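This report refers to the structure that appears directly beneath it.
The first residue in the sequence is number 1, and the count goes up from there. Since the structure is predicted, the reported quantities are computational estimates derived from the model, not experimental observations.
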Amino acid sequence: MAVSKCSRLSGALVKQLLESVDSVLFDCDGVIWRGDQAIPGAPEVINSLKKSGKKVFFVTNNSTKTRKMYADKLGKLGFDASEEEVFGTAYCSAMYLKTVCRLQGKVYLIGSHAMRQELEAMGIQQVGVGPDPVSGGQSDWANVPLDPDVKAVLVGFDEHFSYMKLNRALQYLCDPECQFVGTNTDTRLPLEGGKAVPGTGCLLKSVETAAQRQAQVVGKPSNFMFECVADQFGLDPSKCLMVGDRLDTDIMLGSNCGLKTLLTLTGVSTVADAEAHQRSGCPHRQKMVPDYYVDSIAEILPALQG
């Protein structure tokens, strides 16, 4: 399959690509669904891939849902999927703290109830979920009560993010032995109609700036996200395909880990974006150039049914 990068995937090439892989990893929002609607043809693609013997996994930087919540949503939208096939940053960050950090203690969590649940499922206690209203003055803030058992700060998406949470994270992270982990660095969450809201990357950057420390990041494009899946299911990177809509997370993850990559144009990034990276001559930007692109993953359905 000696084809130049960023080629449109069509015709005989689709079948060739599918025959060369035994596992397919999909991002979710913008790839298999948008909001609460499945992308037309996406459930049929996923279900046909599984019927043909391919392993399928769902890999998302969203930290606001547990694996079970994702599996339930997939089922409602018509996808054949199990909890074990879902790898979100809520689950993967708990796995990271347990297996890589070998955490002995509690976590100060800037994040969601889903993250709390995934941490607890790994036997990790947390403090911090929910609002933390400001009170007192600067000397009170600098001497805010801390839990002596907290040995790590974990930052994910938190709709209750506040000055007091930022301050509390800073106070914990003044201890150089306190581990510092972030779920992902996505700075904006795109919405329908060209709108966007701030993403976890904004919160994480705030904590990094205050603490004057860099977090260990778990989500795409970090290799750990793929390693999480590969270690549990014995995947061979050269026989895996990563399908996503973002060049800086999905495609970069695939490039970092030696996977084949497919950009779908139903989400954030465009072919023009990919071609600009390709022309740049910059090694870092070259990693954001996909092997192939399609308008929608529905385009691979005929090759699966033929």
Side-chain angles (χ1 to χ4, degrees), residues 1-34 39-42 45-46 49 54-62 87 184-190 217 219-227 229-230 235-304:
M1 289 170 57
V3 182
S4 66
K5 291 202 46 131
C6 205
S7 304
R8 177 177 274 284
L9 188 65
S10 59
L13 206 51
V14 184
K15 204 152 196 147
Q16 278 183 320
L17 176 61
L18 292 176
E19 284 171 357
S20 73
V21 300
D22 55 27
S23 303
V24 187
L25 290 76
F26 288 92
D27 176 44
C28 295
D29 202 25
V31 176
I32 60 171
W33 65 55
R34 272 197 298 246
I39 287 190
V45 168
I46 304 290
L49 281 167
K54 307 290 184 197
K55 290 180 187 146
V56 173
F57 303 98
F58 306 93
V59 183
T60 171
N61 274 358
N62 188 326
F87 289 81
N184 63 293
T185 56
D186 302 43
T187 52
R188 286 158 66 99
L189 303 176
V217 178
K220 299 175 290 185
S222 164
N223 290 26
F224 182 76
M225 204 79 176
F226 175 70
E227 288 161 8
V229 189
L235 306 188
D236 174 354
S238 68
K239 296 201 166 182
C240 293
L241 173 66
M242 178 71 217
V243 185
D245 70 311
R246 290 184 79 129
L247 299 173
D248 59 342
T249 54
D250 305 317
I251 303 307
M252 178 80 89
L253 171 76
S255 298
N256 285 344
C257 297
L259 322 181
K260 296 173 177 72
T261 53
L262 174 62
L263 173 71
T264 176
L265 304 177
T266 45
V268 174
S269 298
T270 66
V271 175
D273 296 333
E275 288 172 342
H277 290 314
Q278 195 170 27
R279 288 192 303 270
S280 71
C282 167
H284 176 74
R285 291 182 65 184
Q286 293 295 327
K287 290 183 175 182
M288 291 188 268
V289 181
D291 294 317
Y292 309 99
Y293 70 89
V294 287
D295 290 329
S296 160
I297 62 165
E299 289 179 25
I300 69 175
L301 195 55
L304 288 164

Could you pull out the closest heavy-atom pair between [X] and [Y], with the gap in Å?
{"X": "Asp295", "Y": "Thr264", "answer": "O-OG1, 3.8 Å"}
{"X": "Pro221", "Y": "Asn256", "answer": "O-ND2, 3.1 Å"}
{"X": "Ala303", "Y": "Lys15", "answer": "O-NZ, 3.8 Å"}
{"X": "Val289", "Y": "Ala274", "answer": "CG2-O, 3.8 Å"}
{"X": "Ala298", "Y": "Val45", "answer": "CA-CG2, 4.0 Å"}
{"X": "Val268", "Y": "Pro190", "answer": "CG2-CG, 3.3 Å"}

* Asked: Is the count of non-hydrogen atoms from other residues, nucleotides or ligands lying under 6.0 Å from Arg8 atom CZ greater than 12?
  ->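 More than 12 within 6.0 Å, yes.
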
Test your reading of the model: is there a side-chain donor-acceptor pair from [X] to the backbone of [Y], 3.5 Å cut-off?
{"X": "Gln278", "Y": "Gln286", "value": "no"}
{"X": "Thr261", "Y": "Ile251", "value": "no"}
{"X": "Lys54", "Y": "Leu18", "value": "yes"}
{"X": "Thr266", "Y": "Gly30", "value": "yes"}
{"X": "Lys260", "Y": "Asp291", "value": "no"}

Less than 4.5 Å apart, side chain to side chain, heavy atoms only: is that true for [X] and [Y]?
{"X": "Ile39", "Y": "Val31", "answer": "no"}
{"X": "Phe58", "Y": "Ile46", "answer": "yes"}
{"X": "Leu49", "Y": "Phe26", "answer": "yes"}
{"X": "Glu299", "Y": "Leu9", "answer": "no"}
{"X": "Val59", "Y": "Phe226", "answer": "no"}
{"X": "Met252", "Y": "His284", "answer": "yes"}
{"X": "Cys28", "Y": "Asn62", "answer": "no"}
{"X": "Asn184", "Y": "Met225", "answer": "no"}

Distance check, rounded to the nearest 0.5 Å: [X] atom [atom1] versus [Y] atom [atom2]?
{"X": "Phe87", "Y": "Asn61", "atom1": "CZ", "atom2": "CG", "result": "14.0 Å"}
{"X": "Tyr293", "Y": "Ser7", "atom1": "OH", "atom2": "OG", "result": "8.0 Å"}
{"X": "Cys6", "Y": "Arg279", "atom1": "SG", "atom2": "CZ", "result": "10.0 Å"}
{"X": "Leu241", "Y": "Ser20", "atom1": "CG", "atom2": "OG", "result": "7.5 Å"}
{"X": "His277", "Y": "Asp273", "atom1": "NE2", "atom2": "CG", "result": "6.0 Å"}
{"X": "Leu25", "Y": "Leu253", "atom1": "CG", "atom2": "CG", "result": "7.5 Å"}

- So which pairs with a foot in residues 244-256 pass salt bridge (Lys or Arg N to Asp or Glu O under 4.0 Å), sequence neighbours left out?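 Every salt bridge (Lys or Arg N to Asp or Glu O under 4.0 Å) pair that includes a residue of residues 244-256, provided the two are not neighbours, is Asp186-Arg246, Lys220-Asp250, Arg246-Asp248.
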
Any residue meeting salt bridge (charged side-chain N to carboxylate O under 4.0 Å, His left out) with Arg285, in chain and number order, not counting sequence neighbours
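Salt bridge (charged side-chain N to carboxylate O under 4.0 Å, His left out) list for Arg285, sorted by chain: empty.
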
